[in-house]
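Scroll down for the structure; my scribbles are underneath it.
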Amino acid sequence: MTIASDRTEITIRDLTVGYTREPVLRGLSAVLPRGRTTAVVGPNGSGKSTLLSAIAGVLRPAAGAVEGVTGRRPAFVAQRSAVSDSLPISVRDTVSMGRWAHRGPWRRLTAHDRAVVEECLARLELRPLATRRLGSLSGGQRQRALLAQGLAQESGLLLLDEPGTGLDAEARQLIIEALEHVKTRGTTVVQVTHDFTEARRADHCLVLSTGRLLAEGPPDDVLTPQVLQEVWGIRPPL
Ligand SMILES: Nc1ncnc2c1ncn2[C@@H]1O[C@H](COP(=O)(O)OP(=O)(O)OP(=O)(O)O)[C@@H](O)[C@H]1O
């Protein structure tokens with residue numbers, strides 16, 4: 001099935017959204033092919049995280065809508081997690097919180113829930129850190145724990161805000177493999193990134209510039225020298 005023939009895409013229609021009366025995104029329309037990976041790129045402040053929050057349902061649109069998000073709540077791995085560093089919560093507990101989407105907060109986890117948690121810990125090589133306090137981890141280890149929490153939700157829509165930033169090569173590779181794995185299960189992934197190599201690995205790409213969609217399509221078609229020059233003012237080696 002090609003992306004063009006995929007009738008079951010998530011549609012962003014005329015989305016206007018922001019934090020104050022002055023919107024960040026204005027009348028943005030785009031598609032997110034279901035079961036595929038979409039990279040969202042753009043300069044600092046262009047509205048990438050805002051778009052992710054709107055897709056997640058965390059920010060309410062002033063106008064327009066995100067259509068076609070069905071089933072379980074999207075799994076949203078934000079740049080900064082809502083989990084406070086001062087909470088005495090272990091890495092395993094953090095990942096277990098991903099199962100609350102299925103059981104409700106503080107409910108007893110089933111054997112299946114626990115198996116999913118262990119699988120997600122193993123996938124991101126977190127088992128040796130499972131009993132450590134989340135607040136005691138390094139930035140990169142913490143990022144892996146939060147991604148594992150997102151994976152444990154087993155949502156059909158996984159939203160990631162710069163998951164690879166600040167990670168070493170090995171951790172980045174773990175993330176690439178984890179995302180390949182969720183894709184085989186039909187998960188739709190939307191990933192904000194500043195890394196063009198990461199963006200080119202995606203199936204689809206949205207380029208944002210000052211709150212507007214400048215280009216949309218397969219990464220190699222949209223990340224052209226002209227777009228890189230126009231949006232970032234750079235002429236990188238391609
Ligand atoms: N919580 C907030 N309250 C008010 N304004 C905000 C808030 N979060 C972001 N903004 C503003 O919205 C605009 C877009 O920010 P956003 O974080 O979506 O950009 P971004 O493309 O993700 O940037 P970056 O690459 O730096 O992460 C910016 O002008 C920012 O100052």
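Nothing fancy with the numbering, it's 1 onward along the sequence. For ligands, and for the atoms within them, numbers begin at 1 and follow the listed sequence. As the structure is a computational prediction, the values presented were derived from the model and not from experiment.
Comment: Lys48 does not engage Glu162 in a salt bridge, judged by the lack of any side-chain N to carboxylate O separation of less than 4.0 angstrom. At a threshold of 4.0 Å, the pair Lys183-Asp203 counts as salt-bridged, since one of the basic side-chain nitrogens sits closer than that to a carboxylate oxygen. Taking a cutoff of 4.0 Å between a charged side-chain nitrogen and a carboxylate oxygen, Arg123 and Glu119 qualify as a salt bridge. Look at Arg72 and Glu154 and you find no salt bridge, because none of the NZ, NE, NH1 or NH2 atoms lies under 4.0 Å from a carboxylate O.
Residue-level contacts of ligand 1 at the 4.0 Å heavy-atom threshold are Tyr19, Val24, Pro43, Asn44, Gly45, Ser46, Gly47, Lys48, Ser49, Thr50, Gln79, Glu162, His194.
Side-chain contact between Leu151 and Val95 is absent, with no heavy-atom pair separated by less than 4.5 Å.
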Distance-only criterion, 3.5 Å: show the donor-acceptor pairs between side-chain atoms of residues 206-216 and protein atoms not counting sequence neighbours.
{"unit_1": "Glu216", "atom_1": "OE2", "unit_2": "Val31", "atom_2": "N", "d": "2.7"}
{"unit_1": "Glu216", "atom_1": "OE2", "unit_2": "His204", "atom_2": "NE2", "d": "3.2"}

